[in-house]
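Accompanying notes for the structure given below.
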Amino acid sequence: MRREPSILHVDLDAMFAAVEQRDKVSLRGRPVIVGGVAGRGVVATASYEARVYGARSAMPTSEARRRCPSGTAFLAPRFAAYRRTSQVFMAVLAELSPMVEQVSIDEAYVDLAAGGDHDLSPEAVTAIARKLKADVAAATGGVTASVGVASSKLVAKIGSELHKPDGLTVVPAGDERTVLSPMPVGSLPGVGPAAQERLRRAGVQTIGHLAAVELGYLLEWFGQAHGAGLYRLARADDDRGVVTDRETKSVSAEETFDVDLTDRARLYHELDLLARRVGERLRAAGLSGRTVTVKIRHYDFTTITRSLTRDQPTDDPQLVADYARRLLSDVNTSAGIRLLGVGVSTLTAYAQDDLFSSLVVPDGVVEEPVPQAQDASASASALASSLAPSPSPELATATWRPGQDVRHDEYGAGWVWGSGLGRVTVRFEGPLTPPGPVRTFAVDDAALHAADPPDWTS
DNA sequence: TCTGGGGTCCTAGGACCC
DNA sequence: TCTGGGGTCCTAGGACCC
């Protein structure tokens with residue numbers, strides 16, 4: 001903890017929804033939900049207008065639809081637009097200090113003590129934060145930020161939450177525990193539902209209560225690292241520094257299917273697509289990894305992982321896919337798979353060509369023939385057969401109603417995802433705007449094969 | 001139409017080594 | 001010979017964050 005409030009935490013308010021409202025005048029003042037608009041989607045961001053009706057991040061979109069009035073906009077995310085806004089935002093922060101720690105796309109810490117020769121009195125720091133908020137709104141076209149300023153990351157972060165949206169909270173040095181004490185324990189970073197429940201059973205509701213609990217109990221309840229961490233955080237004892245760059249530890253991709261999958265060939269095909277995405281992102285980042293992990297979520301939401309560590313790091317999508325298939329082949333998938341994921345970890349910062357990988361058999365591993373990717377017709381028929389109990393011609397037709405379950409993207413082709421029939425993904429060749437009458441598209445085998453799910457991260 | 005996707009960190013047990 | 005202790009790596013699972 002420092003002697004002056006020199007750490008800022010800056011957070012864009014409901015960023016995804018705010019960008020949509022900025023870019024589309026008709027959305028301003030209206031409830032906006034950004035997130036998965038398909039059957040199993042969840043809310044990524046609810047605008048403050050939508051929060052009035054109880055919509056929240058991580059809520060199933062189906063529930064948000066029940067809660068919000070007609071006229072609410074449900075939009076698929078446009079990550080490219082959010083990333084551009086994020087870059088503008090970070091550039092504004094960089095003018096303030098060279099020490100900026102980006103926590104996520106919409107959130108960062110700034111260390112005012114690290115450069116720029118700032119006056120760090122509470123009054124001066126308040127003025128700096130006011131100007132910063134105005135600069136961010138001006139640079140981003142009206143996206144507002146909430147700011148907390150304090151002597152530590154912990155209190156700066158909690159301060160920025162205190163008066164959202166468009167908030168500003170400065171906690172002078174010495175006032176930290178007074179501010180924290182009445183707040184619920186769940187306000188502390190690292191205290192989620194499980195820890196909250198454990199504390200509630202012990203009669204601990206506020207951070208003040210938590211600060212009265214002996215260290216021994218916290219260690220017993222939460223283990224060494226977490227217990228000791230909570231003990232310190234409850235006392236506002238936090239000397240974590242602002243870290244400008246952290247190394248990536250893992251790269252992964254996963255996908256929840258609209259309907260549980262049982263077809264092995266289809267599962268292997270999905271695994272291939274995921275491995276390809278991971279491999280491409282590894283290459284783009286100049287990274288290779290030794291451990292390949294497959295994540296499997298069963299129909300009943302039970303989730304398992306299977307991993308194996310190679311001797312040599314790789315960034316080769318084909319190799320990642322081969323190992324992923326091998327891992328999946330030992331898992332019973334007959335009851336239905338809701339989600340598949342592929343990850344690579346134990347990363348090193350260089351890419352090594354794995355010339356002899358096909359000749360190397362790891363000790364104790366029996367080389368099994370690896371299931372091969374299917375050809376186009378096999379893939380299309382697998383998809384068609386999983387559409388419904390009895391595939392019929394009309395199932396190969398998707399109906400699009402303007403504004404419903406549509407990802408509209410003014411930069412190019414759009415997607416219909418799960419509309420009407422709930423399962424068919426159709427790639428559009430042309431722009432979707434402006435909305436027209438109901439349009440119907442026939443889906444042939446080739447289109448089915450080309451129907452990769454929309455990629456939220458692109 | 002219950003429960004996304006991309007991450008980080010921690011724990012615990014077993015293998016293995018010294 | 002009947003039983004050590006520390007350290008590291010690997011695997012699996014879980015809590016948590018945005």
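Order of the sequence lines sets the chain letters (A, B, ...), proteins ahead of strands, with each chain counted from 1. Hydrogens, waters and symmetry mates are skipped; everything else that's a heavy atom, side chains included, is used.
A:T303 pairs in a side-chain hydrogen bond (donor to acceptor under 3.5 Å, both in side chains) with only one of the listed residues (A:R297, A:R338, A:K295), which is A:R297. Tested against A:L27, the residues A:Q21, A:R22, A:E49 include a single side-chain contact (heavy atoms from CB on, under 4.5 Å) partner, A:Q21. The residue from A:L218, A:V213, A:L210, A:D237 that alone fulfils the side-chain contact (heavy atoms from CB on, under 4.5 Å) condition with A:Y231 is A:L218.
Not one side-chain nitrogen or oxygen of A:S250 sits closer than 4.0 Å to the OP1 or OP2 atom of B:dG6. Contact check, A:T256 against B:dT3: no side-chain N or O comes under 4.0 Å of OP1 or OP2. Dashed line: the shortest gap from a side-chain N or O of A:K249 to OP1 or OP2 of B:dG7 is not under 4.0 Å.
Here the shortest heavy-atom pairing between A:R30 and A:S47 reads O-OG, 3.6 Å.
Rounded to whole Å, atom P of C:dC18 lies 8 Å from atom CG of A:D11. Whole-Å rounding puts the A:R198 CZ to C:dA15 P distance at 14 Å. To the nearest angstrom, P of B:dG5 lies 10 Å from CG of A:D258. Going from atom CD of A:Q224 over to atom P of B:dT11 covers 7 Å, rounded to whole Å. Computed from coordinates, the A:R310 CZ to C:dC10 P distance equals 13 Å when rounded to whole Å. Going from atom CZ of A:R246 over to atom P of B:dG7 covers 14 Å, rounded to whole Å. Atom P of nucleotide B:dC10 and atom CG of A:L230 are separated by 13 Å, given to the nearest angstrom. For A:R67 and B:dT3, the CZ to C1' distance is 14 Å, given to the nearest whole Å.
If you take atom P in B:dG4 and the same atom in C:dA15, they sit 16 Å apart, rounded to whole Å.
Taking the charged nitrogens against the carboxylate oxygens, A:E20 and A:K24 have no contact shorter than 4.0 Å, which rules out a salt bridge.
The pairing partner recorded for B:dA12 is C:dT11, the criterion being a Watson-Crick or G-U wobble arrangement whose two distances lie under 3.5 angstrom. Pair assignment for B:dC18 gives C:dG5, based on Watson-Crick or G-U wobble hydrogen-bonding distances that are each under 3.5 Å.
Interface residues of residues 334-346 of chain A facing DNA chain B, ordered by number: A:R338, A:L339; criterion, heavy-atom separation under 4.0 Å. Within residues 289-308 of chain A, the residues having any heavy atom closer than 4.0 Å to DNA chain B are, in order of number, A:R297, A:F301.
Judged by closest nucleotide on DNA chain B, A:A58 is the one of A:A225 and A:A58 placed further toward the 5' end.
Of the possible polar contacts, one joining the A:R51 side chain to the A:A46 backbone as a donor-acceptor pair under 3.5 Å is found. Of the possible polar contacts, none joining the A:S97 side chain to the A:A114 backbone as a donor-acceptor pair under 3.5 Å is found.
Side chain to side chain, A:E176 and A:S151 meet the donor-acceptor criterion of an N or O pair below 3.5 Å. Looking only at atom types and distance, the side chain of A:D316 has no donor-acceptor partner in the side chain of A:T314 under 3.5 Å away.
Annotation: A:E197, atom CD; neighbour count of heavy atoms from other residues, nucleotides and ligands within 6.0 Å is above 12.
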